[in-house]
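In what follows, a structure is listed as structure tokens, so that the remarks can point back to it.
No hydrogens, no waters, no symmetry mates; every other heavy atom, side chains included, goes into these values. Order of the sequence lines fixes the chain letters, A, B, ..., with proteins taken first and strands second; residue numbering starts at 1 for each chain.
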2 protein chains.
Amino acid sequence: MPRAGLTPVTVVREAAVLADEVGHDRLTLAALAGRLGVALPSLYKHVRGVDALHQKLAVLATAEIADVLTSAAAGRAGGDALRAVAVAYRGYAHRHPGRYPATQRAPDPTDPEHLAAAERAVGAIVAILRGYGVQGDAAVDATRMFRATVHGFVTLEAAGGFGLPRDVDRSFDRMIDGLDVAYRGWGSR
Amino acid sequence: MPRAGLTPVTVVREAAVLADEVGHDRLTLAALAGRLGVALPSLYKHVRGVDALHQKLAVLATAEIADVLTSAAAGRAGGDALRAVAVAYRGYAHRHPGRYPATQRAPDPTDPEHLAAAERAVGAIVAILRGYGVQGDAAVDATRMFRATVHGFVTLEAAGGFGLPRDVDRSFDRMIDGLDVAYRGWGSR
DNA sequence: GGTCGAAGCTAATAGGCTTAGCTTAATGGC
DNA sequence: GCCATTAAGCTAAGCCTATTAGCTTCGACC
């Protein structure tokens, strides 16, 4: 019997695919092992356990969304950049419904790669805010508002929280308009 | 041996207390049974299973938060009401970290009580928006923004997503200011 | 070609949910 | 006050997931 040839990297990559298919909370070692063609305990040669798997998935997903946000911001400024990044963020959440929740795991302070990825994602937002003249402590507040707003929207959306027939894309659009207005007035308060 | 005297209502109530203590995801039938002084399978006389328990908890929590929001809005209008309701919402999430996630479960369309509670919670927000002159389809969009913003903030906060030392209360304050600005400009776009 | 580390396995334990089927406490009618 | 009925509670058993221990064997490298 030839070996499956797994590595920690291939395992977590497959975990990401599986999570997107079945949902973040149903990412199970049993299902993952089955898909990789090995017995469940074999996974422990590559991952320390289910929590470590989620941790690694968080790093992967955070790095991915950081890339997405960064390239959406490239070459744009102001409200243009704001909208592009917000749309890209939501797009990632839609394309990767299982990975997305992993991006919200608090970065492991002992993992430089995780910290760097989180830093990069936040950096894309901070860069936009500079275009609005928002900096320093105010930028921290404004970044938190961006994250809260967009994260809140996509999670409510994913949870089926928007029951009414009113078009969800349009609501998102209006919300970004509102965010733009808020940021333009950010200094003058 | 006397009986424990449980009912569906007492079971769900204890589940709510337990969830607040150990976290929504660690609300387990085993722990609940232990705390109620019965064997685990006995719970099935009162609840259909773990999913039904979460469902009932959702109804309870949604009704509670609807009450909190409604009374926060009472006797206030405009930015005053907006801030009071937002603060009350966040306060509920802080006081009831285990119940709060249950409020985000999509209402069961077959459960009138659940629907009514959700309706009541949304109603408190819609009432505020009337004070800003926002109505109709625009009110749907604006309500979604309110929920996204505040829900996003409290979940990021609970997940430890705000790493920087900058005061979180102040960030929340600024965010509500931003929301106020957005709503004041809502019509003129 | 032999050696050795790591990749994979089976077996066993522990905890969680669920169903089946039994026992018995409480309640309501006579 | 006694008995019948209902439902509250129990034990036992089965399934799934995670984890650990200890064994086997592939395959890379000298």
Excluding Val126(B), membership of its hydrophobic cluster (Ile, Leu, Val, Met, Phe, Trp, Tyr; side-chain heavy atoms within less than 4.5 Å) reads Val122(B)
Note: with side-chain heavy atoms under 4.5 Å as the link, the other cluster members for Leu164(B) come out as Val140(A)
For residues 28-62 of chain A, the ring pair (Phe, Tyr, Trp, His ring centres under 6.0 Å) pairs (sequence neighbours left out) are His24(A)-His54(A)
Rounded to whole Å, the CG-C1' distance (Leu18(B) to dG16(C)) equals 14 Å
#### Entry: Pair Arg130(A), Gln135(A): side-chain N/O donor-acceptor within cut-off below 3.5 Å
no
Contacts of Asp111(B) meeting salt bridge (charged side-chain N to carboxylate O under 4.0 Å, His left out) (sequence neighbours excluded), chain-then-number -> none
To the nearest angstrom, the CG-C1' distance between Leu53(B) and dT18(C) comes to 14 Å
The nucleotide from dG8(C), dT11(D), dT20(D) with an atom nearest the side chain of Pro41(B) is dT11(D)
Whole-Å distance, Leu43(B) CG to dC10(D) C1', equals 12 Å
Residues at least two apart in sequence or cross-chain that pass salt bridge (charged side-chain N to carboxylate O under 4.0 Å, His left out) with Asp80(A), listed by chain then number, are none
Applied to residues 146-162 of chain A, the salt bridge (Lys or Arg N to Asp or Glu O under 4.0 Å) test, sequence neighbours excluded, yields Arg90(A)-Glu157(A)
Rounded to whole Å, OH of Tyr44(B) lies from P of dG21(C) at a distance of 17 Å
So the salt bridge (Lys or Arg N to Asp or Glu O under 4.0 Å) pairs with at least one residue in residues 92-104 of chain A (sequence neighbours excluded) are Asp20(A)-Arg99(A), Glu64(A)-Arg99(A)
Atom CG of Leu40(A) and atom P of dA14(C) are separated, to the nearest Å, by 18 Å
Per the under-4.0 Å heavy-atom filter, residues of residues 24-35 of chain B near DNA chain D come out as none
(Q) Centroid separation under 6.0 Å, is that true for the rings of His96(A) and Tyr100(A)? (A) no
Any protein N or O atoms within reach of nucleotides 5-7 of chain C? Criterion: under 3.5 Å, listing atom names and distances.
| unit_1 | atom_1 | unit_2 | atom_2 | d |
| --- | --- | --- | --- | --- |
| dA7(C) | O4' | Arg3(A) | NH1 | 2.7 |
| dA7(C) | N3 | Arg3(A) | NH2 | 3.2 |

Asp51(B) CG to dC17(C) P, in whole Å, measures 12 Å
Against the side chain of Ala39(A), the closest entry in dT19(D), dA12(D), dT10(C) is dT10(C)
